[in-house]
Amino acid sequence: MSASSFVLQLLNGLAGASSLFLIAAGLSLIFGVSRIVNFAHGSLYMLGVYIAYSLVGRLGDGHLGFWASLALAAIAVGVFGAIVEILLLRRIYRAPELFQLLATFALVLLVRDAVYFIWGPEDLFGPRAPGLGGSVSILGQPFPQYDLLLIFAGPLVLLLLWLLLTRTRWGTLVRAATEDREMVGALGVDQAWLFTSVFALGALLAGLGGALQLPREPASLELDLLTIADAFVVVVVGGMGSIPGAFLAALLIAELKAICIGIGQVSLFGIDFSFSRLTLVIEFLVMAAVLIWRPWGLLGKPLEPGRHVIASEAPLRAAPPLLRLLGIALVIGLVALPLAGERFPYATVLLVDMFVAALFAASLHFMMGPGGMVSFGHAAWFGLGAYGAGLLLRHLGLPMELALVLGPMVAVAGGLLFGWFAVRLSGVYLAMLTLAFAQIVWSVVFQWEDFTGGSNGLIGIWPSPWLSEGHAYYYLSLAVTVLGLWMLRRVLHSPFGYAMRAARDSALRADAIGIDVARVRWTVFVVTAAAGGVAGALYAFSKGSISPDVLSIGRSVDALVMVLLGGVQAVTGPIVGAGVFTWLQDALARETQYWRALLGAVILLLVLLFPAGIAGAIRARLMPVEGRR
């Protein structure tokens, strides 16, 4: 590539940096004050694009109509954010932070189906910006005029935010709340309206970032999840709550992507290296490196102790006789169900999905609840187990039974490697590092076409003939799931289980009495990776094919939703949550095309009614304190 073309790539990177900054600035501002990891921030960005598209259609694409449409779209998203904060988030500020994350995920589902209902499933292309539809010559190369505008938009917004936060009373209160929210409340400041205004401003910035992209990219239903991943990376790399840090991180990541595209493919020692492929993963490599080297980000500060992500948990006790009898009765019922003949032809298929989901969710609960470590990338273990089994079957020709046993070992290897780095972190930083690792694995699987099949995945991954007859695979899945759940529970009641809960409750005290906290947490990573890998291998053979979606962010979020729906503080929580979530998803998807909105509404209702989860609420109502588990 010529020098002039490379310079243009760097300028493209600057335009992309401004867009990233506008998205991340709002997310960082919201987190700094409210400590909410707003998973719906990408949905606010998506709304900005769609609303701008509609307003331009009504007001016209002339100078006044176009720019007024972009401004009004940003304001509309800001107003929507304020309404969301008042009606929903204000009601759950005292709940553990992960339940707030669950509520914002429900918003993602609601907003996506609302957008689908209003604008339809097709991508919508906006008009060019009036007067900026052409290009200018830079070093003899054409460069879009609109991108020049975006290059200056990011620094301008940064300057305006700096003036707002440092030269106004409101900004002083925001900075004070970022440092110590409780003290701000003690001084008589109305925290509720302060939080509302901050959330509204953060939503406005996300909407503005989306609206400004209308001439550059189409409005698409996929923008929400694609955008939130980028925003998380920028916020974490820059420092949670740091606006200048978000700008620096956006600049760094966007320019690294541009450099990879500019370098293209090079040959070293006779081997071709495609740097352009790194664009899918470079930001997560940067995030992983920063979290390992400086967990609080480039310009951030270590988070002060506040509300626990996982609330304190009562001592773990053996299940009371009634609950044991219910468990035995449930297993007997599941064994007898296929004997009912053709009365329930679809039930066994759905139940296999529930078994896989229950084991997958239980593996995350083992890490989150007793282990006290939150993961946003739990799909890594599920996907590694699935691909491990599939690749052993397809490429090495191993029998299905042996592939089912050895496939999860790939996930164990991943747990050993990633866990060694991750156990040095905690809280949100640990969760973000697991997200980075999962996305790195996804990128490798997605792009290694010769080995993993790339975006097409692997097909023809079927059980052995004897397992394909009748309900044999159903019984195998049931047996493996029950065995896996029983083994996880046995570990919790073992001396190691007490050590992991001691490390969760007080790492300093645990270390003082001789517990190797880092080794305990590393072992937790390996155990949870093994259980998640088994669930992934079962999934692969139940479906007959796998794709990179098994490693996606959405898969990790599904696991989080299952655990939180059931209840983090109940051992039966992930089983109940997985069953309810899988059944709701299946039942609603068969009844209406807007099943995501209905599922989101149900999740919101459950969050508001049962903040401790379904199993946690049942436990609190039916069991005395001394009998809880």
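If you're wondering where the values come from, they're calculated on a predicted model, not measured in any experiment.
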One should read off an interatomic distance between Met367 CE and Arg521 CZ, to the nearest 0.5 angstrom, of 10.0 Å
Sorted by chain and residue number, the salt bridge (Lys or Arg N to Asp or Glu O under 4.0 Å) partners of Arg490 (sequence neighbours excluded) come out as none
Correct closest heavy-atom pair for Ala379 and Ser556 would be N-OG, 2.9 Å
Could you tell me whether the side chain of Phe376 reaches within less than 4.5 Å of the side chain of Val374, counting heavy atoms only? yes
Check whether the ring centres of Tyr474 and Phe355 lie less than 6.0 Å apart, and answer yes or no. yes
Hey, mind stepping through Val233 and Val286 against side-chain contact (heavy atoms from CB on, under 4.5 Å) and telling me if it holds? CA-CA 9 Å; Val233 171; Val286 171; 5.9 Å; no
4.5 Å side-chain heavy-atom contact, Glu217 and Asp123: no
With under 30° as parallel and over 60° as perpendicular, where do the rings of Phe418 and Trp381 fit, or are they tilted in between? tilted
Within the side chain of Thr104, is there an N or O that forms a donor-acceptor pair under 3.5 Å with the backbone of Phe39? yes
With a 6.0 Å cut-off on ring centres, are His378 and Phe360 close enough? yes
May I have the step-by-step check of side-chain contact (heavy atoms from CB on, under 4.5 Å) for Val412 and Val527, ending in yes or no? CA-CA 8 Å; Val412 170; Val527 172; over 6 Å; no
Other residues, nucleotides, ligands: >12 heavy atoms within 6.0 Å of Phe496 CZ: yes
Below 4.5 Å, heavy atoms only, C-beta onward: do Asn38 and Leu44 meet side chain to side chain? yes
How many angstroms lie between CZ in Arg596 and CG in Leu110, if you round to the nearest 0.5 Å? 12.0 Å
side-chain contact (heavy atoms from CB on, under 4.5 Å) between Leu538 and Tyr473, intermediate numbers included: CA-CA 9 Å; Leu538 281 176; Tyr473 195 80; 3.7 Å; yes
For residues 390-402, run the donor-acceptor check on the side chains, cut-off 3.5 Å, and write out each pair with its distance to 0.1 Å, sequence neighbours left out.
unit_1: Arg394; atom_1: NH1; unit_2: Ile459; atom_2: O; d: 2.4
unit_1: His395; atom_1: NE2; unit_2: Phe451; atom_2: O; d: 2.9
unit_1: Glu401; atom_1: OE1; unit_2: Ser464; atom_2: OG; d: 3.2
unit_1: Glu401; atom_1: OE2; unit_2: Ser464; atom_2: OG; d: 2.8
unit_1: Glu401; atom_1: OE2; unit_2: Trp466; atom_2: NE1; d: 2.7

Any side-chain donor near an acceptor of the partner, Gln447 and Ser443, under 3.5 Å: yes
Side-chain donor/acceptor of His365 to backbone N/O of Pro574, under 3.5 Å: no
Value rounded to 0.5 Å, distance of CD in Glu283 from CG in Leu252: 11.0 Å
Value for OG1 (Thr481) from CG (Leu334), rounded to nearest 0.5 Å, stands at 10.0 Å
Does any non-hydrogen side-chain atom of Leu599 lie less than 4.5 Å from one of Phe581? yes
Test item: Leu485 and Ile575 side chains (from C-beta on) under 4.5 Å apart, heavy atoms: yes
Specify the closest pair of heavy atoms between Val428 and Met240, including all atoms of both residues, with the distance to one decimal. CG1-CE, 3.6 Å
Close side-chain approach of Ser375 and Leu364, heavy atoms under 4.5 Å: yes
Could you check whether Gln213 and Tyr45, counting side-chain N and O atoms only, form a donor-acceptor pair closer than 3.5 Å? no
I need the minimum non-hydrogen distance between Pro338 and Thr348, along with the two atoms involved. CG-CG2, 4.2 Å
Check this for me: Trp595, atom CH2, are more than 12 non-hydrogen atoms of other residues, nucleotides or ligands nearer than 6.0 Å? yes
Just so I know, are the side chains of Met373 and Met368 near enough to count as touching, which here means a heavy-atom distance under 4.5 Å? no
Grab the two heavy atoms, one from Leu384 and one from Gly414, that are nearest each other, plus how far apart they are. CD1-CA, 4.3 Å
What verdict does the side-chain contact (heavy atoms from CB on, under 4.5 Å) test give for Met46 and Thr227, after you've listed the backbone C-alpha separation in whole Å, the side-chain angles of each residue and the deciding distance to 0.1 Å? CA-CA 8 Å; Met46 180 177 69; Thr227 303; over 6 Å; no
Please report the shortest heavy-atom distance between Pro121 and Tyr116, naming the atom on each side. CB-CE1, 3.3 Å
Which atom of Leu425 lies closest to which atom of Pro295, heavy atoms considered: CD2-CG, 3.4 Å
Which residues pass the salt bridge (Lys or Arg N to Asp or Glu O under 4.0 Å) test with Asp549, sequence neighbours left out? none
Rounded to the nearest 0.5 Å, how far apart are CD1 of Ile23 and CD1 of Ile228? 9.0 Å
Can you tell me how far apart CE (Met354) and OG (Ser477) are? Round to the nearest 0.5 Å. 13.5 Å
Close side-chain approach of Tyr475 to Val335, heavy-atom, < 4.5 Å: yes
Under 3.5 Å, side chain of Thr523 to main-chain N/O of Arg519, donor-acceptor pair present? yes
For Asp113 and Ala597, indicate whether the former's side chain and the latter's backbone hold a donor-acceptor pair under 3.5 Å. yes
Side-chain donor/acceptor of Thr434 to backbone N/O of Ala431, under 3.5 Å: yes
If you apply the rule salt bridge (charged side-chain N to carboxylate O under 4.0 Å, His left out), what do you find for Asp353 with Lys543, and how did you get there? CA-CA 10 Å; Asp353 290 341; Lys543 301 301 180 184; 3.0 Å; yes
